[in-house]
Amino acid sequence: MILLKKFTIYIIFCIFLQLLLNEVKSQIFIKPDLRYGHTSTLIHKKLYILGGTINGNNSSPKEEFLYIDFSVPFNTNKVTWHNLSSKDSIVPSHHLATTLAVDNTMFLFGGVSLNSYETMASSYKFDTQSNLWKIQEINGVPGKQGITSIFDESTIYLFGGYPFTYNVNDMFIINSNNLSWKKANSTNSPFPRSQYGAVLLPNKFIIYMGGYNNGSIPLDQVYLYDTMNDFWIIKQTSGSIPSARYSFSSILGLDKQSVIIYGGQEDNKTIAKNPLYVLDINNFNWYIPKVTGKIPSSRTSHKAVLIGKYMSITFGEGYNNESEDDLLLLDISNDNEYIWTSSFTPNNNIQSNQPTSTSSSPSKTNDIQLPNSQLNTKTNYTDVITSIIIGAIIDAILLIVGIFLLYKWYKNKKEQNNATLPNNVTLPNNVT
Ligand SMILES: *[C@@H]1O[C@H](CO)[C@@H](O)[C@H](O)[C@H]1NC(C)=O
Ligand SMILES: *[C@@H]1O[C@H](CO)[C@@H](O)[C@H](O)[C@H]1NC(C)=O
Ligand SMILES: *[C@@H]1O[C@H](CO)[C@@H](O)[C@H](O)[C@H]1NC(C)=O
Ligand SMILES: *[C@@H]1O[C@H](CO)[C@@H](O)[C@H](O)[C@H]1NC(C)=O
C-alpha cells in the first residue's frame, strides 16, 4: 500500500518534470534549424516565420512554423522562438512561397513543395486568432515560386515569378475581400523574373528591382508600377549601383524617401559581398549608407521586415548559425548612421513595411549596444541551468508537500484504524 503511494508520487513527480522540461523546450530554448527560402510576416507584433529549406538539402527544417514576439524587449542572441509547427499541418513542407498580412490573417501564395508526393494549393490562409490553416484556392491564379507579394488597401499584387517552367512577367491583382482578380496592364512591364525585390512606396507605386531570369538582373534599371492608374514606368538609376543580384531583401526606409536593400546573390555561387545599399526614391540615386555596430556576414534568401526602427532580417544562407544570430537588427532611425544591434526595444507604434501617414523619428539613445553573439552559447547555457535549478526547487517543494499530505493521511488513517482494529496491526514506520 505504502509502496504504491510512493510509486504514485514518483510518477507524479516524473510527469511534472516532463511537463516542465517540455514547456522549457517549446518556448525558450529552441535553437531552430537554419533555413532559407522561408517567409516572414509581421502580424500584431508577432513575426511569423514559415517554411524554407535546410542548407545544402531539399529537406525541411524541424520547426517549419515559428513566431517571435516583438512586443517585448529582447536580445538577438537569446530569442524566444515559439514553435507553431504541427505534423498534421495541411500546408506541405515548402520553400519559395510569399506571405502577406491582411488584418488577422496571413495569406500564403505559391511556393513549391519539398515532398514529391504533396503539391501546394495555390494559396492558403492562416488565422492568427485561432491558429488554424485553411486552403484558399483562387481559380485562375497560378501558384508561382520566388515572388514578393505586396498588399495595399484590400488589394494584393502578385508579379512575375516562376510557375514551374519558365519565369513570367504578368501581374495578378487580387481583391482580398471577395478574391476576385484581374491582370495588370502589361505594356512596359519588366522582363520575366523571380526572386526580385519589391516595395510599396508612399505614392502608391510599387518598385521592382533586380531578380533572376537566366542569370542575375542588374539594378541600373528599376520598374515602377502605378497602382492607381495601372501602368508601368522604367527608371534609370545612378550613383553606387549595386551589382546584379537576386534573393536579396528590400524595405521602405523610415523617412519613406528611400528603399533599403540587403544581401542577395550575384550568381549561384556568389553571395553579394557588398550587401547594403539605399536607393533615394526622389532622384533614383543609389548609395552605400554609413553603418556601425558588429557587421554580420552577408546573407541571401533571407527575409527582412521593418519592425519599429529596425530592419529585421531572419535566417538565410551565408552565415554560420553557431557564431551568428538567426535574427539581425539594423537600426535605421538615423539616416546618417545605421547601427547593427543585438538588442530590440519595442516602441508603441510598431509598423509593418506598409507605408503609413505618421512619420516616426524615434531616438536611438535608449538603444544598448551589446557586444556580440559570442556570448551566445554561454548565455543560453546559463539559462538552461537556471531553469533546471528553478524546476528542481519547485519539484522538491511539491514532493515535500505531497509526502507531508500523504503522511498526514496515513496518520489519520492509523488513528482511525487504531480505534477499530486490534492493537497488533503493525504499520511500517518508514512513511517519510
Ligand atoms: C539532408 O537531410 C537528411 C534527412 O532529411 C539528413 O539526414 C542529412 O544529414 C541532410 N544533409 C545535410 C547536408 O544537411
Ligand atoms: C516543433 O514542433 C515540431 C512539430 O510538432 C516538432 O517536430 C519539433 O521537434 C518541435 N521543435 C522543438 C525544438 O520543440
Ligand atoms: C535572359 O534574360 C534577359 C533579361 O534578363 C533577356 O533579355 C534575355 O532574352 C534572356 N535570354 C534567354 C535565352 O532567355
Ligand atoms: C497601359 O500602359 C500604357 C503606358 O505604359 C498606356 O499607354 C496604356 O493606355 C495602358 N493601357 C490601359 C488599358 O490602361
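Read the numbers this way: they start at 1 and go in the same order the structure lists the ligands and their atoms.
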Colleague: Return yes or no for this condition: an N or O of Asn83 is under 3.5 Å from an N or O of ligand 2.
Modeller: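 Asn83 vs ligand 2: N/O contact under 3.5 Å present.
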Colleague: Asn229 side chain to Phe231 main-chain N or O, any donor-acceptor pair under 3.5 Å?
Modeller: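 Here the side-chain-to-backbone pair does not exist.
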Colleague: Any salt bridge between Arg35 and Asp326, counting N to O under 4.0 Å?
Modeller: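 The answer is no: the pair does not qualify as a salt bridge.
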Colleague: Got an N/O contact under 3.5 Å between Lys87 and ligand 2?
Modeller: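 Yes: some nitrogen or oxygen of Lys87 is under 3.5 Å from one in ligand 2.
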Colleague: Check the angle between the aromatic planes of Trp232 and Tyr208 and answer parallel, tilted or perpendicular using the 30° and 60° thresholds.
Modeller: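 Plane angle between 30° and 60°, so tilted.
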Colleague: Using the ring centroid of each side chain, check whether Tyr262 and Trp340 are separated by less than 6.0 Å.
Modeller: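 Yes, the ring centres sit under 6.0 Å apart.
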Colleague: Tabulate below the donor-acceptor pairs under 3.5 Å that side-chain atoms of residues 156-167 make, not counting sequence neighbours, or state none.
Modeller:
residue	atom	partner	partner atom	Å
Asn167	OD1	Ser194	OG	3.1
Asn167	ND2	Tyr212	O	3.2
Asn167	ND2	Asn213	OD1	3.1

Colleague: List in chain and number order the residues that pass salt bridge (charged side-chain N to carboxylate O under 4.0 Å, His left out) with Lys183, two or more places apart in sequence or in another chain; answer none if no residue qualifies.
Modeller: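 With neighbours one apart ignored, the set is Asp170.
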Colleague: Check ligand 4 against the protein and report each N/O to N/O distance under 3.5 Å, formatted as atom name, atom name, distance.
Modeller:
residue	atom	partner	partner atom	Å
ligand 4	2 (O)	Asn185	ND2	2.3
ligand 4	5 (O)	Asn188	ND2	3.4
ligand 4	11 (N)	Asn185	ND2	2.9

Colleague: Under 3.5 Å, which donor-acceptor pairs do the side chains of residues 99-110 form with other protein atoms, sequence neighbours left out?
Modeller:
residue	atom	partner	partner atom	Å
Thr99	OG1	Thr39	OG1	3.4
Thr99	OG1	Thr41	OG1	2.7
Asn104	OD1	His44	NE2	2.6

